[in-house]
Amino acid sequence: MQLTWRWFGRKDPISLQMLRQIGIEGIVTSLYEISPGKIWPTEQIADLNDCIKSSGLVWSVVESLPVSEEIKRGGPLREEHIANYITSLENLGRLGIRTVCYNFMPVIDWIRTDLARERADGTTGLYFDAARFACFDIHILEREGARKDYTASVLERADALAKTITKAERDELIDSIIIKTQGFVCGNFDDDTINPVGAFRELLAQYEGIDTDALRSNLKYFLERIMPVCNEYDIRMCIHPDDPPFPVLGLPRICGNKEDIEWILNAVDDIHNGLTFCAGSLSAGAHNDVRELADLFADRTAFVHLRSTDCNPQTGDFWEESHLKGRGYLKEIIPIFETRQPQLPMRVDHGQCMLGDDKMPYNPGYSFHGRMHALGQVMGMMAMVKKD
């Protein structure tokens, strides 16, 4: 597989020259400055593409060309935003950029309650604490009907936490769930957002009455509309699984298990309607066998995220694990992709913070030394597959 790296553009403290030195071949990036629903101009795409090429690399994957909330919920601006999306795909296709990762998660991207949970070896990593999340949902967000979504054990721990949580801890939880993980990915929030909890409630309210069937219908409509341009320019759209792969905040989730993925791929049965196989997102759900899913969907996969999580089914917690451990079973799924689609772009993801990473202004989950360490582990596994 092609070794790629998620790069956040010219403002990223990790330079393209640094990535060349550690063996990266392709870049995964986006025009982060353009809001969802707007057109990506040819000039801006070409400028970034030329910058990447000048460093001896290629722009392998767009991650992501965001799907706006209007498209996801079927709002009044849906047709305008889909037309803009099609124009953006045309502009990418003309420049030979032909893999686009996207998601169809309403309001939120990935969710973690802790962005720097300390591990036994002294590194830190991302963590989802079910009780802390329930405390946020019930006692901070105060979402109506939230209590029915949690087990008695989680509710007991969440209620106990609500009695002792300090203002600083409360603010940190809001920052972790709403600002830090959503701002740099989907652009709904940033550090200057006034009353982020209130703004978050307003976004959630837009999905009242939209269930799984309605969200699936909106995804199918979107894919049917864009498939002609994808076929014209040979662009492979690859949906990213929900993270975590189970319902949260009363929102519908439609890409979290085998049945969901089968439905999406069959709804628009076209090779250009594909999957981003994220071993980390899928392994966070105790219901998923990542090895089975890799074997089932390798032929419709257009992009691979190699990371691994582990989870506690009793508590509902999950966390980022070493790329050599956990329920991602990377040692077992890498051979599947290396033999079935060896040309696929692959990137490591959500590395631990180590060796001074915490002193740098990296986005959560996107440390340099931690991801470089993970890349070395993955390259070793890939080398063994090739040797065998």
Side-chain angles (χ1 to χ4, degrees), residues 30 35-38 63-82 84-85 100-113 128 133-134 136-138 140-146 148-150 174 176-190 193 196-226 237-257 259-261 263-264 267-268 275-276 278 281-282 284-285:
S30 176
S35 301
K38 303 297 184 182
E63 185 179 354
S64 62
L65 178 54
V67 180
S68 70
E69 302 296 338
E70 288 289 306
I71 295 173
K72 292 175 185 176
R73 66 186 180 88
L77 298 178
R78 174 168 70 171
E79 295 304 324
E80 176 186 336
H81 285 196
I82 290 179
N84 290 347
Y85 204 99
V100 175
C101 173
Y102 72 103
N103 76 67
F104 221 76
M105 291 179 269
V107 179
I108 53 175
D109 204 273
W110 51 274
I111 294 179
R112 301 294 186 275
T113 56
F128 179 89
F133 185 73
F136 165 82
D137 192 8
I138 297 166
I140 298 175
L141 189 61
E142 298 179 333
R143 180 173 63 87
E144 185 178 352
K148 65 178 174 40
D149 292 343
Y150 301 97
I174 292 170
S176 296
I177 295 174
I178 298 180
I179 303 296
K180 286 292 190 295
T181 54
Q182 309 308 321
F184 76 93
V185 176
C186 60
N188 286 332
F189 306 94
D190 58 37
T193 299
V197 173
F200 198 60
R201 288 194 190 106
E202 290 178 7
L203 280 172
L204 292 176
Q206 294 179 2
Y207 284 86
E208 289 180 6
I210 297 178
D211 59 11
T212 297
D213 289 340
L215 191 63
R216 278 182 166 181
S217 177
N218 290 343
L219 172 59
K220 185 173 187 290
Y221 181 81
F222 166 69
L223 289 171
E224 288 174 337
R225 288 290 309 280
I226 67 171
M237 297 293 298
C238 41
I239 191 168
H240 190 287
D242 297 336
D243 186 3
F246 47 77
V248 291
L249 300 171
L251 294 167
R253 306 283 264 186
I254 60 172
C255 193
N257 54 48
E259 292 72 23
D260 287 345
I261 297 170
W263 188 93
I264 292 167
V268 179
L275 174 68
T276 294
C278 181
S281 297
L282 293 168

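What you see is a predicted model, and the numbers here were worked out from it, not measured in a lab.
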**Q** Would M105 and W110 satisfy side chain to side chain contact (heavy atoms under 4.5 Å, CB included), going step by step from the backbone distance to the final call?
**A** CA-CA 9 Å; M105 291 179 269; W110 51 274; 5.9 Å; no
**Q** Do you know the tightest heavy-atom contact between P245 and G285?
**A** CG-N, 3.5 Å
**Q** Under the 3.5 angstrom rule, does the side chain of E69 hit a backbone N or O of V107 as a donor-acceptor pair?
**A** yes
**Q** If I compare all heavy atoms of I82 with all of R225, which pair ends up nearest, and what's the gap?
**A** CG2-CB, 3.8 Å
**Q** Rounded at 0.5 Å granularity, tell me how far OG in S68 sits from CG in N84.
**A** 9.0 Å
**Q** Which pair of non-hydrogen atoms, one from P196 and one from I178, has the smallest distance, and what is that distance?
**A** O-CD1, 3.9 Å
**Q** Measuring from atom CD1 of I254 to atom NZ of K220, what distance do you get when rounded to the nearest 0.5 angstrom?
**A** 12.5 Å
**Q** With rounding to the nearest 0.5 angstrom, report the SG to CG distance, C255 to L282.
**A** 7.5 Å
**Q** Is it the case that more than 12 heavy atoms not belonging to E259 sit under 6.0 Å from its CD atom?
**A** yes
**Q** With the side chain counted from C-beta on, respond yes when C238 and V100 share a heavy-atom pair under 4.5 Å apart, and no when they do not.
**A** no
**Q** Any side-chain heavy atom of L219 within less than 4.5 Å of one from I239?
**A** yes
**Q** If you compare all heavy atoms of P36 against all heavy atoms of H81, which two are closest, and at what distance to 0.1 Å?
**A** O-CE1, 4.4 Å
**Q** Counting C-beta onward and ignoring hydrogens, is there a side-chain heavy-atom pair between I71 and Y221 closer than 4.5 Å?
**A** no
**Q** Please name the residue in the list I264, D260, D211 that meets the side chain to side chain contact (heavy atoms under 4.5 Å, CB included) test with R216.
**A** D260
**Q** Are the side chain of S30 and the backbone of S64 linked by a donor-acceptor contact shorter than 3.5 Å?
**A** yes
**Q** Below 4.5 Å, heavy atoms only, C-beta onward: do L204 and L141 meet side chain to side chain?
**A** yes
**Q** Hey, does F133 have a side-chain heavy atom less than 4.5 Å from the side chain of L249?
**A** yes
**Q** Side chains of E70 and P76: closer than 4.5 Å at any heavy-atom pair?
**A** yes
**Q** Run V248 and I111 through side chain to side chain contact (heavy atoms under 4.5 Å, CB included) and show every step you take.
**A** CA-CA 9 Å; V248 291; I111 294 179; 3.9 Å; yes
**Q** May I ask you to test the I261-L275 pair for a side-chain heavy-atom distance under 4.5 Å?
**A** yes
**Q** Is there a side chain to side chain contact (heavy atoms under 4.5 Å, CB included) between R143 and D149? Walk through the geometry before answering.
**A** CA-CA 11 Å; R143 180 173 63 87; D149 292 343; 2.8 Å; yes
**Q** Taking C-beta and beyond as the side chain, do F200 and I174 meet within less than 4.5 Å on heavy atoms?
**A** no
**Q** Using 30° and 60° as the class boundaries, would you call the ring planes of F222 and Y85 parallel, tilted or perpendicular?
**A** perpendicular
**Q** Could you state the interatomic distance from CD1 (I226) to CE (M237), rounded to the nearest 0.5 Å?
**A** 4.0 Å
**Q** If every non-hydrogen atom of A284 is compared with every non-hydrogen atom of F246, which pair is closest and at what distance?
**A** O-CE2, 4.3 Å
**Q** How far apart are the C-alpha atoms of K72 and N218, what are their side-chain angles, what is the distance that settles it, and do they pass the side chain to side chain contact (heavy atoms under 4.5 Å, CB included) test?
**A** CA-CA 6 Å; K72 292 175 185 176; N218 290 343; over 6 Å; no
**Q** Measuring from S281:OG to N103:CG, what's the distance to the nearest 0.5 Å?
**A** 9.5 Å
**Q** Enumerate the salt bridge (charged side-chain N to carboxylate O under 4.0 Å, His left out) contacts for residues 241-256, please, sequence neighbours excluded, ordered by first and then second residue.
**A** R112-D243, D243-R307
